[in-house]
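Structure, as C-alpha cells:
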Amino acid sequence: MYHTIRVAAYEPDPLHGPWQEEMRVLRLGEELHTELTRMHAEADKGSVSPDRLPVRRLNSLLQAMAPGVIATGRNAGTDGRLPWLYAREAVPPEVLVPVIGAWAAGMYREEDDTEDADLEERLCSDDPAEAVHLPRWEAESVDLAETVTSAGGTAEPAARLYSLLPEWVAFRLAARAFRTGGTTLHFRVESSGNGARLVSWPPQRYERRGQTWYYSACLNITVHTVPFAIRFRVHVSTQVRRWATRLDVRPHQLGGTTVLLDAPLPWPGGPDRGHRLMVNTLGFDWRLKKLAWRHHSPAPLVPELDIVRNYPLPEALFSHPEHWINGSGDVAAGIVYHPAIGPHEVGPGLMPRERANLDAWVEEGLRPMLTRVPDLTRVTRRNTPSLLPRSGAGRDPGVRDAQLALQRRAALVRALNGRPLEIDVFWQSPETRAALLAELPKLIGCPPGERVGPAEDDTWRWRGEGVEIRVRARPAGPLADALPVSRERRSPRAVRLAEAIEGRCRLVVDRVVPRPDGAGVVIAEIAGKERFAAVPDSDPKHALRIAWARQGRLSQFVNLPDDTDSGLEHRARWTWLDAFRQLGAISPPAHRVGAGIPGDLQYVALWLVRHTRKGPTRCPVRRLVAVRVRPGDGPGVIEGWDAERAEWVPYPKLLLLLSQAVEPVAGGEGGG
C-alpha cells in the first residue's frame, strides 16, 4: 500500500523572490478597434453583438503565425484599451498587418462586393484620409505570481494569469527536449480555452496487424486556486494523445473533431519559431452540405498568407488522414482521435514509469520559479466513513442491522420533531404495495403496523418511541397516466407542456386529502421513462412532483416491476431510504481519520444544476444548490441554502422550493 501520493502541481517558490518577466504588450487601441467594429457590423448585419469583435479566429491565427506571441488577453474584442497580445518581443508590422488583414477580409462573404474588406492596404497606406494606424507595442514587466487574497483567505491569481501563465510554462518546457530510454521527444504548444497543452510532435508510431497507429505524449497545463491556501497552483497532468489514421464514419456523421495543423511560418525569423500547433475543428456543415472548417478555425485563412505551400482541404484530410499526419512537404495535420470515429490499437493511458519520467522532466524545467507541492501523506488505513463497525468475524449481521434500524428511527424522530408523518402511497401493482408496507417496519425496527379506519380505506399506522407514521395506500389511477400534451402547433411547445402540467396538478388536488398537521410524503408507482419515450413530454413524473410540492409534500417514485423483477424488495427498501433522506432523517457517518480532523467539523456540498431548454421545464437556467451539515446544531441537522431569501432552511423545505422554482411558465418561449 502506498503511503504517499505525489501531486503533479506546482506553486510559486517563495525562496525565488519576485517573478517578473519582461514582455511586449499590444492593445487594439481606439482607432483600430473602432474600425474593426464598424467592419464587423457591416459584414454581419444580423449579429446580436455587433460591438463585440469575433477575435477568437484572429487570436488563433496570430498565436500560430506571428513568432514571439505568447498569449492573448481576455475581452480585447470588447474594449480596445485592454491588453490584446503578449509577446517576447514586438511582432513587426510586416507580419502583423497581413494577419489582421486576412482575418478582416474573412469576415465578409465571398459574394460581398466592398472595398472595406481590404484592411491591409489601409494599414499600410500613407494617405492620412484613409489610413488606419496600427497601435504601438508597449514594454511591460509582468508579475507571473501576482496574487490577491479573497475574503475567505484564498490566494487568487490575477485574472490574466489563467491564460498567460500556462502559455508561458508551455513555451519554457517546449524549449527543452525530453529524453528517456533512447527516445527523444520534442513538444509543440497547443492553446486551449482553459490553459495550454504540450503535444509531442511528430507523433510516435506503433505497428500492429499490418497497420501503423500514431500517438503522442500530451501535457495539460492549467492554473487553479486551493481553498484557504496562501499560493495558487499550476497543474500539469499527463496523458496519451492518439491520432486518427482512418475514419469509420460518413462525412455527415462528423459533428466536429479537433485538427492540429503544423504550418511553417511564411516569414523569416522570430523567437519560438516552430513551437506551435494550430487548433482547428473539422466537421460537416449542413448549410453547405459538405465537410468544412468550423468553430472559428483559422485554417481557411492560412493559404491567404502563404500562397507557396499546399494546405489540406477538409475532404482530403477526411479521406487520407495518415497522408497528412506524415506531412506533405513541410505542412502536416493530425486529426485527434475519438472512439466515435473507429477503433485504435494504442491504449489511452501512460504507464507509471512513463508518467514519473515526464513529471520529473516538468519539475526540472520549472525550477526555480515554481516548486512542486509537498506529497500527500496517508492519514489512516480506515478513511471511509462508517455508521457502525463493519460486519466480520465475531460480529452478527443481524445485530448490526438492528442497530442501523434504531439509528434510522432516532434520525426520523429528530427530523419530525414531534409531528406525525403522513404518507400517501399511489400504487399500480399489488406487489409493489405489499413490498412497501412490508419493508417500512423492518427499516426502522418497528413491529408490523395496524390497520385503522374502514377496510376500503387501506390506512396503516405505526406508533412508538416518539414516532407516529400513517400510510394510506390507494390505486394511482389516472395520476400515473401519460401527460396529455396538446399537439396543436400554433401554440409554443413550452405553453402546451405547461397547460398539461396544470391539468395534472388539478387532478392531484382532487385526489389528495390535505393533512396540514404532519410532515407529508407521497410515494407513487409509475412506469419507467422508456415507456413514455414514444411521445415527447408525456412522462408525468415532473408534473406530479410540482403538484405535490405545491401542497407542501415531498415525493418519491418507484418504477413498475417487470415480468422478471426479482429485486422488488430491494427497490422498496431504497424507496423508503430515499424518502427518509428527503425528510432529512439521516445520521451522517463519523469520520475515521483520527484526531487530526476536529470532531465538530461542518460539511458543505455544492452542486451547479443546469436546466436546458430541452429538459422537462423547457426553461434554461443555472441554479446553485448548497447543502450543509452542522454537527454542532445536533446530530443529523441538515440544511439547504435558499437563494431567494439568502438564508439556510431545513433540507425538506429546500427540496420543496426547488421543485416549485423550476415550473415551466405558460407564457414562456419554446420551440414548436
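Below, all heavy atoms of this structure are taken into account, side chains as well, without hydrogens, waters or symmetry copies. Sequential numbering from 1 along the given sequence is applied to the chain's residues.
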Is the shortest side-chain heavy-atom distance between [X] and [Y] below 4.5 Å?
X: Val223; Y: Pro166; result: yes
X: Glu190; Y: Val279; result: yes
X: Leu370; Y: Pro12; result: yes

Identify, with sequence neighbours excluded, every residue that meets salt bridge (charged side-chain N to carboxylate O under 4.0 Å, His left out) alongside [X].
X: Arg6; value: Asp375
X: Arg372; value: Asp359, Glu363
X: Arg172; value: none
X: Glu345; value: Arg208, Arg209

Who passes side-chain hydrogen bond (donor to acceptor under 3.5 Å, both in side chains) against [X], sequence neighbours left out?
X: Gln204; value: none
X: Glu304; value: none
X: Thr281; value: none

Q. Roughly how far, to the nearest 0.5 Å, is CG of Leu358 from OG1 of Thr180?
A. 8.0 Å
Check: [X]/[Y] side-chain N/O donor and acceptor closer than 3.5 Å:
X: Arg160; Y: Tyr86; value: yes
X: Ser191; Y: Arg276; value: yes
X: Arg205; Y: Thr212; value: no

Look at the side chain of [X] and the backbone N and O of [Y], then say whether any donor-acceptor pair between them is shorter than 3.5 Å.
X: Ser192; Y: Gly195; value: yes
X: Asn280; Y: Ala299; value: yes
X: Thr37; Y: His33; value: yes
X: Arg241; Y: Ser216; value: no
X: Arg294; Y: Gly255; value: yes
X: Tyr10; Y: Met369; value: no

Q: Any pair with a residue in residues 203-234 that passes ring-ring contact (aromatic ring centres under 6.0 Å, His included), sequence neighbours left out, goes on the list, sorted by first then second residue, please.
A: Trp213-His344, His224-His235
(Q) Once ring-ring contact (aromatic ring centres under 6.0 Å, His included) is applied, what residue pairs with a partner in residues 279-320 remain, sequence neighbours excluded? (A) Phe284-Trp286
In chain order, what residues pass the ring-ring contact (aromatic ring centres under 6.0 Å, His included) check against [X], with sequence neighbours excluded?
X: Trp201; result: Trp243
X: Trp168; result: Trp19
X: Phe178; result: Trp361

(Q) Would you say CG of Asn194 has more than 12 non-hydrogen atoms from neighbouring residues, nucleotides or ligands within 6.0 angstrom? (A) no
Q) Within a reach of under 6.0 Å around CZ of Arg56, are more than 12 heavy atoms found that belong to other residues, nucleotides or ligands? A) no
(Q) One pair to check against side chain to side chain contact (heavy atoms under 4.5 Å, CB included): Asp306 and Leu265. What are the steps and the verdict? (A) CA-CA 8 Å; Asp306 185 2; Leu265 300 178; over 6 Å; no
**Q.** Verdict with supporting geometry, Val189 and Leu173, side chain to side chain contact (heavy atoms under 4.5 Å, CB included)
**A.** CA-CA 9 Å; Val189 179; Leu173 294 176; over 6 Å; no
Q. What do the steps show when you test Met23 against Glu140 for side chain to side chain contact (heavy atoms under 4.5 Å, CB included), and what is the final call?
A. CA-CA 5 Å; Met23 297 186 189; Glu140 182 176 335; 5.7 Å; no
Q.
Assess the residue pair Leu85 and Thr72 against the criterion (side chain to side chain contact (heavy atoms under 4.5 Å, CB included)); give the C-alpha distance rounded to whole Å, side-chain angles, the decisive distance to 0.1 Å, and a yes or no.
A. CA-CA 5 Å; Leu85 300 178; Thr72 56; 3.7 Å; yes
